[in-house]
Structure formats: C-alpha cells, structure tokens
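Only heavy atoms go into these numbers, but all of them, side chains included; no hydrogens, no water, no symmetry mates. All of these numbers come straight from a predicted model, not from anything done at the bench.
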Amino acid sequence: MAKRSTIIRNWPKYLLQWGVLAALIIFLTGLVPSETAADPEAYCPLGGLQALATYLANNSLPCSMSSLQVMMGIVLIAAVVLFSKLFCAYICPVGTVQDLLGKLRRTLHIKGIKVRNGSAADKALRIVKYALVFWIFYMTVNASELFCKNLDPYYAIATGFKGEITLWMSVVSISLVVLGSFFVDMFWCRYLCPLGAISNSLKFWVWIGVLFGLYYVADILGAGIPWPVLLGGFCILGYLLEIFHARPKLQLLHITKDDGACNNCGLCNKKCPYHIDVRSCHSGRLAHVDCTLCGECVAACSTGALNIGISKPSRSRIWRFIPPVLTIALIAFGMWAGGRFELPTIDMTWGLETVAEDGTVTKTVNEEALQTARIDGLRSVKCYGSSMAFKATLEKVYGVHGVKVFVKRHSADILYDPTRTTVEKIQEAIYKPSKFRVKTPDPEVLDSLKVVTIRTEGMYDKLDINYLGMKMRQAEKGIFGLETEFACPLIVRVYMDPAEDLSEDWFEEIVEMEVLQMPQHGGGVKEIECGYDFVKMEDEVSYISVEDHIRNMFSPFKAEFRQRVEEFQGKPQFIYEFAHSNFEKPIFLRNMPFLSNHLSRHDGIIGIYLQLNKDLVPAIQIRYAAPMDQDKLWELITMDTWTITYSKDDVREEPAKLSFSAKGKEYPY
C-alpha cells in the first residue's frame with residue numbers, strides 16, 4: 001500500500017520517467033511509422049558534453065553530433081549547477097530501468113546488497129565512474145568519434161546491437177546495469193555512470209571553476225599544458241570532493257526538512273533510491289552529492305516534514321512540482337536553442353604562418369585581406385570524416401587558407417585570398433564530375449543515343465545529379481543517363497532516345513521541382529528538398545553509340561595483387577565469371593573491396609574485377625591459378641561469413657556482403 005501511495009504522491013516523476021521510456025520504445029522500435037530513422041543519440045547530454053570537449057580541444061565535432069546535442073550538454077551543466085541532477089531523476093532511461101529493477105526485487109522479496117554511503121567499499125567503487133570519464137573523453141577527443149557508444153548500455157539496446165558498439169563492452173555494461181542494479185540500488189548511477197560522475201563533480205562548481213581558471217591562466221602564460229592533464233585533474237578533483245566532501249550546498253533547490261514536524265519514522269531513508277540519510281538532516285535542508293531531487297523521500301513522508309525548496313522548510317505543495325517543471329522547461333529550451341545555431345563540424349585554417357627552426361613565427365598571409373565564400377548544397381559532406389576529406393581537397397587549392405563545415409545545413413565557409421584565387425576556381429577544384437544511369441538502353445533496339453545539354457545552378461554536389469536523375473526516372477521518359485561537367489552554369493548532358501522530343505519547358509519543370517519523392521528500401525517515401533535552378537537548354541544536339549554510352553556509364557572495380565601477378569606470370573590462369581544485369585547496382589561496387597579482401601587470403605587468387613564482359617553485361621570476374629580451382633572459389637564466395645582484414649591486428653569474421661545463387665563460368669585468362 002505504501003508503494004502505491006508513494007507513486008501516486010510523486011506522480012510527476014513517474015509520469016516523466018515512464019513517459020520518456022515509453023516514447024523511446026515506441027519510436028526506436030518503429031511502432032510509430034516515420035520517414036526518417038529515429039536517432040538514439042539525438043538528445044543525449046553525455047554525447048553533447050563529449051562533442052563540446054572535442055570542439056574546445058580540436059575545433060571539430062565528432063561524427064553525428066550537432067548543436068542540439070551540444071546544447072543538451074550545456075543544459076545539463078546549467079541544471080546541475082543551479083538546481084541538481086534533474087536529468088538523472090526525471091529523464092534518464094537507464095535510471096528508470098534501475099528503479100524498476102529495484103521494485104521488482106522487492107516485489108519478489110529478494111534481499112538486496114546494501115553498500116553504505118561513506119563505507120570503504122562505497123568509496124572504492126565510486127572511483128570507477130571517474131576512470132570511465134577519463135577513458136571515454138580521452139578516446140573521443142583523440143578520434144573525434146563518440147567512444148561512449150562502444151559501451152553505453154542504452155545505445156546498444158536502442159540500436160538493437162547494430163550501432164557502433166564493441167560487443168563485449170556492451171554486453172558487460174548491460175549485465176552490470178541489470179544484475180548490479182537488481183541487487184544494489186542504483187548501482188550503475190552510483191558507481192559506473194560517466195554522466196553521473198560529471199554531474200556530481202559539477203555540484204562543486206566553484207572548485208571546478210577554479211581548476212579550469214588555473215588551466216586557462218597557465219595557457220595564457222604559455223605553459224602549454226596538454227588537455228589530458230586538465231581532464232585528469234577534473235576526474236581526480238571530482239572524485240576527491242565526492243568522497244571527502246559529499247555535501248555540496250551551492251545549488252538553489254534542496255530537500256528541506258521541518259524538524260518540528262518529523263516523527264523519525266525513517267520512511268524517507270527507506271524510500272531514498274541512493275540510501276541518503278535524510279532523517280539525520282537537522283540543518284533545515286539536505287545537501288548530498290547523490291541527491292537528484294527525485295522527491296521520493298518527500299512523497300514517503302507522512303507528516304509533511306519534507307519538501308523541496310530554496311532554504312527554509314515550507315508546507316506549500318507547489319514546490320514539489322518545481323523540479324519536473326524545470327526539467328521540462330530546460331529540455332524545451334535546449335531543443336529550441338539547439339535549432340537556432342550550428343557549430344561547425346570542423347573549423348580549421350592553414351598556411352597563414354611559418355615557424356622557423358628557432359621557433360620564430362612569421363605571418364605569410366595578410367589575414368585582414370582574406371575573404372569568406374559560402375558554398376551551399378554539399379549533400380555528401382555529412383559527418384566528421386567527409387568534412388576532413390573536403391578539407392583535404394581544399395588544402396590543394398592555391399589561395400585557400402581555411403574552412404568551416406556545417407554538416408546539418410550541408411554548407412561550408414571557405415577562407416581564401418582573393419588575390420590568388422576566385423570563388424569559381426574554388427568551386428571547380430572541389431567539384432567532382434558525376435554521372436547517373438537512369439536505365440540501360442538495349443543495344444539490340446537502339447544503335448545510338450541523342451545527347452542534349454542543359455545548364456543548371458545549385459547542383460555542385462556529387463549527389464545532386466543522382467536526385468535530378470531520380471526525377472527524370474520517375475517521369476518515365478526515354479532518358480537513359482546524365483553526366484555533368486564543371487562550368488558556370490553547370491553543364492548537364494542528357495542521354496536519351498533519338499525519338500524522344502523534350503522541350504526546354506519540360507526540362508525546366510523537372511530541374512526546378514522543389515521536392516523529390518524518394519522511395520525507400522522496405523517501403524515508405526523520403527522527401528528530399530532540391531532547390532536547383534534551370535538556366536537554359538543548348539541548341540546543339542549530338543549523338544553517341546549505345547555501346548560507348550553503356551561503357552561510359554558503368555563504374556568498374558579492379559583489385560590485383562602485385563606479388564601474385566609476378567608469381568604466376570607465364571603459368572596457366574583462369575577467369576571465373578558471374579554475369580548479371582543486377583551487378584551494375586551500387587551495392588555491388590560498394591562491396592567489391594570486401595570480396596577482394598576476403599578472397600585475397602587464399603593462395604592462387606590473382607585479381608578481382610567488376611566490369612562489362614564482351615556482351616556488355618556487368619560481370620564479377622575472379623582471376624586465379626592453381627592451387628585454386630572453381631569449386632574452391634564457389635565455396636569461398638558462398639560462405640555465410642567472410643574474413644575481412646582491416647589492419648594487421650584487426651581481422652574480423654563478418655556476415656557475407658554479397659550472395660550468389662548460381663555458379664559462374666570458367667574460361668582461360
């Protein structure tokens with residue numbers, strides 16, 4: 001009966017906790033249909049804090065992180081500094097699961113393990129979460145990848161173990177959450193949670209501020225202290241403050257107690273999920289590093305001696321609603337603010353100065369004369385890795401000295417010297433000519449294709465030609481392919497049936513169609529905003545043979561192993577060929593490196609190719625010599641798992657990337 005009344009009296013907490021957990025289950029399992037996949041990291045404050053640390057250390061954001069996650073991390077900091085660990089009490093799904101596990105244990109009348117606060121075991125266990133903070137942040141900042149995903153129990157379950165996890169780490173962490181929290185109340189939160197360690201440290205924000213202030217002053221004075229030293233200092237200071245001074249008093253909100261109304265029944269201690277000694281609080285307010293303002297002790301108090309307030313005890317019931325209301329308000333503010341600005345995924349400069357052997361720094365560029373050009377529509381730049389690849393391309397452009405990449409809006413601000421280059425030259429340098437196969441013409445029906453040239457603007461990303469091609473495919477006209485060539489405006493060549501007669505107005509309508517309805521694998525449609533401009537259609541028309549067009553549109557793959565080419569030179573060699581029209585699909589080209597990697601481990605394999613055969617049919621061809629034979633080859637490529645070598649020390653057994661239903665044909669090389 002007591003449990004039920006506690007849940008009823010503390011209903012805002014349970015409404016938020018179970019509501020968040022239910023929403024995650026509904027959206028992550030796809031029970032509510034959505035055109036876009038649910039992102040389990042979208043509102044994660046721990047990811048946001050890692051992203052913020054990476055940005056401050058490297059001027060870059062980890063992959064998949066955006067201003068929204070960073071803002072949620074900042075909101076968490078503000079909540080802890082001003083109020084308490086509201087995220088832990090009202091939002092965190094792992095905390096909710098632990099709470100439910102504890103209730104299940106008590107329902108089953110199984111005796112739990114009580115680790116007394118302040119005991120030697122308690123102090124020893126608390127250091128683990130600080131060690132995890134150092135490890136996670138150190139790895140994240142160095143790699144610009146969220147290392148916590150390797151071991152985060154929530155992320156592993158939310159992605160169905162299909163995310164960027166390390167299986168054994170995920171299994172261990174989930175086991176610790178389930179088993180540890182079943183026998184020890186809030187085991188993960190108290191002893192293992194990195195976010196809990198950060199939150200506990202931030203409760204002593206004055207001391208943490210002093211630490212960061214000293215580091216900043218040392219940096220100004222030229223001490224050059226590496227950032228891992230600051231990270232280590234944060235972890236050590238936070239741990240020492242937590243175990244030796246576990247009563248921070250600088251937050252605005254606290255659990256308050258009216259000593260006169262207290263009957264010392266002990267229900268508050270019994271109901272506190274962290275086993276805080278609430279009953280012994282005689283100062284008018286409770287100050288403890290573990291307190292999350294969850295309100296369980298307040299709900300359990302039968303005399304009204306406990307409440308939530310600023311300092312003095314109060315009987316007003318409105319204070320009980322302040323923490324959950326603040327939680328909702330802060331989350332809403334974080335979501336709003338996160339959508340109002342965007343941090344660049346990378347913000348880097350180069351070539352602005354030279355450093356002599358004696359350490360003398362000489363400016364080589366007049367920075368005041370530099371200008372910034374914004375390039376929009378960079379759809380293929382969508383993470384840290386592609387941003388760094390984009391930067392590597394820009395570094396080769398004479399006169400370019402920096403770039404800020406914004407992956408959310410697919411744009412870049414490029415810093416350049418107008419006396420050495422122009423915006424048009426920069427666009428030309430970064431543009432990659434593209435082609436898109438709408439459909440394949442039948443050489444037995446057509447001898448040649450008509451080539452019409454149109455000019456467009458706003459199509460300078462390599463994915464744009466794909467979207468324009470999809471528009472033309474959906475129009476179901478006699479169009480077979482598109483190919484681009486850089487110019488201002490952009491040159492787009494359209495390969496079509498000579499009998500097809502399409503007007504300039506038709507091309508304009510297709511190009512300037514604002515939204516592409518892109519069918520999704522497995523059903524559904526994804527809307528893609530295009531925003532292209534049609535400029536004109538050229539008068540000149542040319543022709544190309546169907547064979548030349550098919551070969552031009554095909555993207556081949558070739559992997560030969562030099563030592564084996566030399567080893568088997570002059571010896572009988574063979575080709576084992578699989579030919580099928582489906583092999584022109586991008587999935588086969590993407591997975592050819594995995595196939596060649598898997599086969600290269602076996603003696604006799606000389607080369608692997610994806611190319612058009614003599615009949616213009618896409619074919620996967622495997623070049624080999626004895627001791628390899630076609631039966632062994634068939635066995636290797638139809639294995640359920642392939643052995644993939646990523647590096648000397650990283651060899652993995654992975655599910656086969658491609659499947660083959662019929663045997664190939666062998667012929668001499």
Side-chain angles (χ1 to χ4, degrees), residues 36-83 86-87 91 137 140-141 144-146 148-149 195 198-199 202 205 209 212 216 227 326-349 367 370-391 394 401-416 423 458 460-461 527-529 531:
T36 57
D39 182 5
E41 305 170 297
Y43 307 103
C44 176
L46 179 59
L49 291 175
Q50 292 173 80
L52 180 61
T54 307
Y55 185 76
L56 294 175
N58 298 337
N59 276 344
S60 67
L61 289 178
C63 278
S64 76
M65 289 291 100
S66 68
S67 301
L68 175 59
Q69 287 93 346
V70 172
M71 183 52 64
M72 298 309 290
I74 294 173
V75 163
L76 175 99
I77 294 174
V80 173
V81 168
L82 295 175
F83 309 113
L86 301 181
F87 176 85
I91 300 294
F137 275 73
T140 296
V141 174
S144 203
E145 294 278 358
L146 290 188
C148 67
K149 292 191 289 188
L195 192 59
I198 295 169
S199 298
L202 291 173
W205 55 268
F212 278 81
Y216 179 71
W227 67 264
L326 278 173
T327 302
I328 295 172
L330 287 167
I331 293 294
F333 173 78
M335 294 173 63
W336 173 82
R340 301 285 293 181
F341 73 99
E342 183 179 3
L343 290 172
T345 299
I346 61 171
D347 180 0
M348 299 181 177
T349 58
E367 295 184 40
L370 298 180
Q371 296 182 7
T372 300
R374 170 156 294 183
I375 306 295
D376 294 312
L378 300 172
R379 300 175 189 270
S380 57
V381 179
K382 48 192 173 183
C383 66
Y384 175 78
S386 54
S387 297
M388 291 300 292
F390 183 70
K391 168 187 172 281
L394 288 174
H401 295 284
V403 64
K404 294 180 182 179
V405 177
F406 302 89
V407 299
K408 184 178 179 181
R409 62 174 185 253
H410 301 298
S411 69
D413 290 343
I414 299 172
L415 192 66
Y416 72 100
V423 175
Y460 290 101
D461 187 84
E527 291 190 348
I528 298 175
E529 296 183 3

(request) List in chain and number order the residues that pass side chain to side chain contact (heavy atoms under 4.5 Å, CB included) with Glu529, two or more places apart in sequence or in another chain; answer none if no residue qualifies. (result) none
(request) Not counting sequence neighbours, list each pair that qualifies as a salt bridge (charged side-chain N to carboxylate O under 4.0 Å, His left out) and has a residue in residues 64-76. (result) none
(message) List the residues meeting side chain to side chain donor-acceptor pair (under 3.5 Å) with Ser380, not counting sequence neighbours, and say none if there are none.
(response) Asp461
(message) Restricting to side chain to side chain contact (heavy atoms under 4.5 Å, CB included), what partner residues turn up for Phe212, sequence neighbours left out?
(response) Ile208, Leu230, Phe234
Donor-acceptor contacts under 3.5 Å from residues 337-348 side chains, at least two apart:
| unit_1 | atom_1 | unit_2 | atom_2 | d |
| --- | --- | --- | --- | --- |
| Glu342 | OE2 | Val407 | N | 3.3 |
| Glu342 | OE2 | Lys408 | N | 2.8 |

(request) Supply the atom-to-atom distance Leu46 CG to Phe137 CZ, rounded to the nearest 0.5 angstrom. (result) 5.5 Å
(message) For Asp413, give me all partners under side chain to side chain donor-acceptor pair (under 3.5 Å), at least two apart in sequence or on another chain.
(response) Arg374
(request) List for me each residue that meets ring pair (Phe, Tyr, Trp, His ring centres under 6.0 Å) alongside Tyr460, sequence neighbours excluded, and say none if there are none. (result) Phe486
Ignoring hydrogens and angles, write down the donor-acceptor pairs under 3.5 Å from the side chains of residues 52-59, residues two or more places apart or on other chains.
| unit_1 | atom_1 | unit_2 | atom_2 | d |
| --- | --- | --- | --- | --- |
| Thr54 | OG1 | Gln50 | O | 2.8 |
| Asn58 | ND2 | Val141 | O | 2.7 |

(request) State which residues pass side chain to side chain donor-acceptor pair (under 3.5 Å) with Lys404; sequence neighbours excluded, sorted by chain then number. (result) none
(message) My understanding is that only residues two or more places apart in sequence, or in another chain, count here; which of them pass ring pair (Phe, Tyr, Trp, His ring centres under 6.0 Å) with Trp227?
(response) Tyr138
(request) Sort and list the pairs that fulfil salt bridge (charged side-chain N to carboxylate O under 4.0 Å, His left out) and have at least one residue in residues 378-389, not counting sequence neighbours. (result) Arg379-Asp464
(message) The criterion is side chain to side chain donor-acceptor pair (under 3.5 Å); which residues satisfy it with Ser66, sequence neighbours excluded?
(response) Gln69
